[in-house]
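No hydrogens, no waters, no symmetry mates; every other heavy atom, side chains included, goes into these values. Throughout, protein chains are lettered first and strands after them, A, B, ... in sequence-line order, and every chain is numbered starting at 1.
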There are 2 protein chains.
Amino acid sequence: MTTSGVASKARFSAQARLRALQADIMDLILERELEAGDPLPTENELALALGVGRNTLRESLKVLQALGVVEIRHGFGMFVAPSNFDALADGMTFRGRLSLRHKGDEALELVDVRQALESGLIGSAMDKMTAGQLAAVEESVTRMEELAAAGEPFVEADAEFHRRLFEPLNNALLISLLAVFWKVYRQIHLEVGTGAEDLSEMAAVHRRIYEAVAGGDKALAAERLAHHFDGIRHRIYEVIEK
Amino acid sequence: MTTSGVASKARFSAQARLRALQADIMDLILERELEAGDPLPTENELALALGVGRNTLRESLKVLQALGVVEIRHGFGMFVAPSNFDALADGMTFRGRLSLRHKGDEALELVDVRQALESGLIGSAMDKMTAGQLAAVEESVTRMEELAAAGEPFVEADAEFHRRLFEPLNNALLISLLAVFWKVYRQIHLEVGTGAEDLSEMAAVHRRIYEAVAGGDKALAAERLAHHFDGIRHRIYEVIEK
DNA sequence: CAAACAATATTGGATGTCCCACCTTCTGTT
DNA sequence: AACAGAAGGTGGGACATCCAATATTGTTTG
């Protein structure tokens, strides 16, 4: 259940202890009914309360920080954190880059999942999109076109376009997940060679997606959104094949 | 390009240092062209190579372990790991439980994302599903029905059903993500009260999903899959309202 | 000779201690 | 009243030391 592969026996104890400690910390937060933003006990207090050494406790705390459970502020204290998937993005980016050096499976899987999410959810997003939100999407497209015309890359505008596209769903988790996928996607794109020459073509692709959304044609929007990912997928294939 | 010994003077918050250290470790893996399963240097060697203390290094390593980047085996060594999202699941479960005590936003968002993923991808999965895989899905349904008839819960069979449903896509990342969502979903389900009385109804819901899949009706399968999540969503609403 | 056992080297696991860096707050001067 | 500096508390980090688990090696034993 845990991991495929070597099923050693006592390897659980070490790993289990760390995870039990993480669970203890989370339980403590839940038991004390702390909300996001509330302070946690100090490291020394926690170490004493949980019966472990401070360094051991810190290892768990850093994991919880990476998972977005706690926020640690040097010299100030530790707090229950709002969701934060940055570390997850780093880990997945690493996996993508690692896989590119061999068969590229994970990189392709990542693109597939992102495509499925965006392409599958665009319909619902269009249902709830207000005129103002639609205008914000077009603003992003316009900025991409301007940057493309100037020969400059438009990393941030691209991210913003996709973020605004799914803002109507009002789902912070989804936005975070898409941000993770976008970040990893971007890294893979860089690694794989962006083909900097077709900047204007990329902007045009986004313009066509916008037009489908503005026109209310869900099927067309989903299709164009899906097509948007074909480029990088083919590029990954090329890198793998050679 | 490890940039070990970054001459950072100031302004680098502790958080940035930790993440830089994680990045250094990942870069080291990439630079040495290590594949999954390959051994990493020992803790002491790494600490020396990266110019940090052993405890500091361990904090980063534990994070990387939680992110599924490295696998740590007591007394044996550290290795580049296959993907492992268990820790992520714990973190998200925590967030879900935390949110249930207040507004429940994140719990609902989680269900929404899972629904979107499963409902949106079932069509592609059906395209690629073999007869054998379809039979495996039915086997899971049958087992659920048997357990329901015996009055026993069918946690594992439920998970297996959904896993097998998307196995044809051959996307390990997707399977892992769905496993995470399923795990969190189940925890929320427990927290929110499962309504143990409708076991047979739950089995029947899965049977109907299977029938739609077997019949090749993608739209119907997607709809029934989506309906499958309405129950828990309403239950979460009830918990929040009161 | 081979299998079983035991000692050992190597590795990560955990803790305590000491000091540093950072942030807030209080306090005293201007 | 406003600003600057001191003080206290917090997390950040490095060692040193010991514990625990694993694989290897060497010996014993049938």
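- Contact check for L67(A) versus F94(B): no side-chain heavy atoms found under the 4.5 Å cut-off.
- Summarising the local packing, CG of D38(A) is surrounded by more than 12 heavy atoms from other residues, nucleotides or ligands at distances under 6.0 Å.
- The interatomic distance linking I72(A) (CD1) with dT10(D) (C1') rounds to 12 Å, in whole Å.
- The residue among T56(A) and F76(A) whose nearest nucleotide of DNA chain C lies closer to the 5′ end is T56(A).
- Between R164(A) and E139(A) a salt bridge is recorded (basic side-chain N to carboxylate O distance below 4.0 Å).
- Look at CZ on R58(A): it is 15 Å from P on dG16(C), rounded to the nearest Å.
- Atom CG of L57(A) and atom P of dG16(C) are 12 Å apart (whole Å).
- Side-chain N or O atoms of E118(A) include none that pairs as donor or acceptor with a backbone N or O of Q115(A) at under 3.5 Å.
- Side-chain atoms of R73(A) lie closest to dT24(C) of the nucleotides dG11(D), dA14(C), dT24(C).
- Taking atom CZ of residue R54(B) and atom P of nucleotide dT15(C), one finds them 13 Å apart after rounding to whole Å.
- Put simply, the side chain of N55(A) and the base of dG16(C) share a donor and an acceptor less than 3.5 Å apart.
- Applying a 4.0 Å cut-off to non-hydrogen atoms, none of the residues of residues 32-44 of chain A approaches DNA chain C.
- Between R58(A) and E43(A) there is a side-chain heavy-atom pair separated by less than 4.5 Å.
- The aromatic rings of F229(A) and H162(A) sit tilted, their planes meeting at an angle between 30° and 60°.
- For L48(B) and dT11(C), the CG to C1' distance is 16 Å, given to the nearest whole Å.
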